[in-house]
Amino acid sequence: MSASTESRDRLRIAIQKSGRLADPARALLGACGLSWRESRDRLFCYGEALPIDLLLVRDDDIPGLIADGVCDLGIVGRNVLAEQDLDRRQNGVAPAFRELVPLGFGGCRLALAVPDDWEWRGAGQLANRRIATSYPALLRNWLAEQGIDADVVTLSGSVEIAPRLGQADLICDLVSSGATLAANQLKPVTTLLDSEAVLAGPVAEFEGERALLAELLLRRLDGALRTRHSRLLMFQAERAAIPRLLPLLPDAESPTVLQVDGADRLALQALCHGRLTWQRLEDLKRAGAQGLMVLPVESMLA
Ligand code: ATP
Ligand code: ZN
């Protein structure tokens, strides 16, 4: 381990400076109770509430910063982490970082996309074709698994226009809605990797003060991720309606039931982990729920 890692008793997390993961990453860490004082160059944010600092960087730099011990943790797409991990392995370099927790945002997939007029009949079709990608290690690994010999053309950006420019026959790129592909007369045909933002950390365990801080952060992260879709549902109902209401709450932790007046009128509180859609609330109302109220959950401690 480098000297810089040994001498620090603060935790340092690398996140994307700007881009798709920047805001959700900050919001999630904020929901864990972290706050920062920003430096003038906006590259380093000094942790105020806890000794946990942020480094704002390009997403591609995050795995390397963890490998070098410059940062302890990072929030980065699984696609970037897996690509750089495979690249290291393919070059005989020891693994240095790993995925710790999937974070549920930044969802996308690494997919092969072919020109619209291709009729896709499977991987066999790819022999000796040129495939443009920014993910050469993941693509080579997949081609090897399929037993296909194809030509990997590595590009750092604008992969989707490569077929039109005659640089490649097809591409291997990130897809979310598919709109960018469609705009370039391409269609996704097979997925190599399902991706989302993840918390990444070193292969080695933390030691000392930073181990305690990392443990605290992971515990809070777990709570923040669980509360993200959780809602407290409150309503009143006649006792006789309860058997009709409970089946509509399969995702609720055992509801708290209070007697309101007499024996027949009850007030219920249920912590729901699934989505409380309008449809579901209307179904509950029809089944006898009155005065329905849905409240967001600020924090939860298991
Ligand atoms: P940087 O300047 O930090 O290098 P970037 O251009 O590489 O930024 P973004 O486009 O912001 O990165 O994407 C960051 C991550 O967002 C991707 O690595 C991926 O994990 C995720 N992502 C989600 N949907 C998509 C998508 N449709 N296209 C590209 N990335 C996506
Ligand atoms: Zn990038």
Side-chain angles (χ1 to χ4, degrees), residues 12-29 38-39 41-45 53-68 70-71 73-88 96-114 116 131-142 152-164 168 170-201 221 225 228:
R12 203 178 279 167
I13 309 179
I15 65 169
Q16 201 186 16
K17 182 176 187 334
S18 58
R20 292 170 205 263
L21 307 182
D23 289 342
R26 261 184 184 236
L28 180 60
L29 294 173
E38 233 156 273
S39 70
D41 58 8
R42 296 202 62 245
L43 293 177
F44 185 82
C45 305
D53 306 323
L54 290 188
L55 203 62
L56 309 182
V57 297
R58 289 201 51 196
D59 64 346
D60 317 71
D61 295 338
I62 293 175
L65 289 167
I66 297 172
D68 294 343
V70 176
C71 286
L73 297 166
I75 293 181
V76 63
R78 179 180 295 135
N79 48 300
V80 171
L81 202 66
E83 171 69 19
Q84 295 196 23
D85 186 47
L86 259 182
D87 182 66
R88 291 172 71 97
F97 39 79
R98 63 190 168 120
E99 175 174 333
L100 300 176
V101 188
L103 300 175
F105 61 86
C108 59
R109 60 201 173 96
L110 183 67
L112 283 188
V114 301
D116 277 336
I131 314 177
T133 191
S134 308
Y135 296 85
L138 284 165
L139 176 57
R140 285 207 180 90
N141 186 58
W142 184 83
V152 175
V153 180
T154 304
L155 300 176
S156 56
S158 306
V159 169
E160 66 281 356
I161 58 167
R164 274 199 289 155
L170 68 150
I171 68 167
C172 169
D173 203 8
L174 296 178
V175 190
S176 43
S177 71
T180 310
L181 291 183
N184 287 283
Q185 294 97 49
L186 297 168
K187 59 180 180 188
V189 288
T190 192
T191 298
L192 277 64
L193 178 79
D194 281 307
S195 186
E196 64 186 282
V198 304
L199 182 74
L221 206 51
L225 291 172
R228 190 143 57 175

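The structure presented is a predicted model; accordingly, all values stated were derived computationally and were not measured. Remember, it's 1-based here, ligands and their atoms both numbered in the order they're listed. One is the number of the first residue; the rest follow in order along the sequence. Excluded from the calculations below are hydrogen atoms, water molecules and symmetry mates; all remaining heavy atoms, backbone and side chain alike, are included.
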Here the atoms of ligand 1 under 4.0 Å from any heavy atom belonging to Gly19 are 11 (O)

Residue, atom and distance of the protein heavy atom nearest atom 27 (N) of ligand 1 read Ser176 OG, 2.6 Å

Can you sort out which atoms of ligand 1 are near Gln16, meaning under 4.0 Å from one of its heavy atoms? 1 (P), 3 (O), 5 (P), 8 (O), 9 (P), 11 (O), 12 (O), 14 (C)

For Gly77, the atoms of ligand 1 under 4.0 Å from one of its heavy atoms are 20 (O)

Distance from Leu192 atom CG to Leu174 atom CG, nearest 0.5 Å? 10.5 Å

To the nearest 0.5 Å, what is the distance between CG (Asn184) and OG1 (Thr180)? 7.5 Å

Taking 2.8 Å as the upper limit, name the protein N, O or S atoms near the Zn ion (ligand 2). Asp59 OD1, Asp60 OD1

Rounded to the nearest 0.5 Å, how far does CG of Leu54 lie from CZ of Arg12? 11.0 Å

Any heavy-atom pair between the side chains of Leu29 and Ile15 that's under 4.5 Å? yes

Give yes or no for whether the N/O distance cutoff of 3.5 Å, strictly under, is met between Asp60 and ligand 1. yes

In the protein, what heavy atom is nearest to atom 2 (O) of ligand 1, and what distance, to one decimal place, separates them? Arg58 NE, 3.6 Å

List ligand 1 atoms under 4.0 Å from Val80, heavy atoms only on the residue side. 18 (O)

Relative to the heavy atoms of Leu21, which atoms of ligand 1 are at a distance of less than 4.0 Å? 15 (C), 16 (O)

Under-4.0 Å protein heavy-atom contact, atom 6 (O) of ligand 1: no

Are the side chains of Cys45 and Arg26 in contact, using a 4.5 Å heavy-atom criterion? yes

Indicate yes or no for a side-chain donor-acceptor contact from Ser195 to the backbone of Asn79 under 3.5 Å, with no hydrogens or angles considered. yes

Within the structure provided, determine whether Ile75 and Gln16 are in side-chain contact (heavy-atom separation under 4.5 Å). no

Quick one: does Gly107 get a heavy atom under 4.0 Å from ligand 1? yes

With atoms numbered from 1 as shown, which atoms in ligand 1 lie under 4.0 angstrom from a non-hydrogen atom of Asp59? 1 (P), 3 (O), 4 (O), 7 (O), 8 (O), 12 (O), 14 (C), 18 (O)

Is Leu112 close to Trp142 at the side-chain level, that is, under 4.5 Å between some pair of heavy atoms? yes

Any Phe105 side-chain heavy atom under 4.5 Å of Leu28 side chain: yes

Quick one: does Ser134's side chain have a donor or acceptor within less than 3.5 Å of a partner on Leu155's backbone? yes

Once you restrict to heavy atoms under 4.0 Å, what part of Cys108 touches ligand 1? Side chain, backbone, both or neither. side chain

Quick check: do Cys108 and Arg20 have side-chain heavy atoms less than 4.5 Å from each other? no

What about Asn79: any of its N or O atoms under 3.5 Å from an N or O on ligand 1? yes

Residue pairs passing the salt bridge (Lys or Arg N to Asp or Glu O under 4.0 Å) test where at least one lies in residues 55-67, sequence neighbours excluded: Arg58-Asp60

Among protein heavy atoms, which sits nearest to atom 10 (O) of ligand 1, and what does the distance come to when rounded to 0.1 Å? Arg20 NE, 3.2 Å

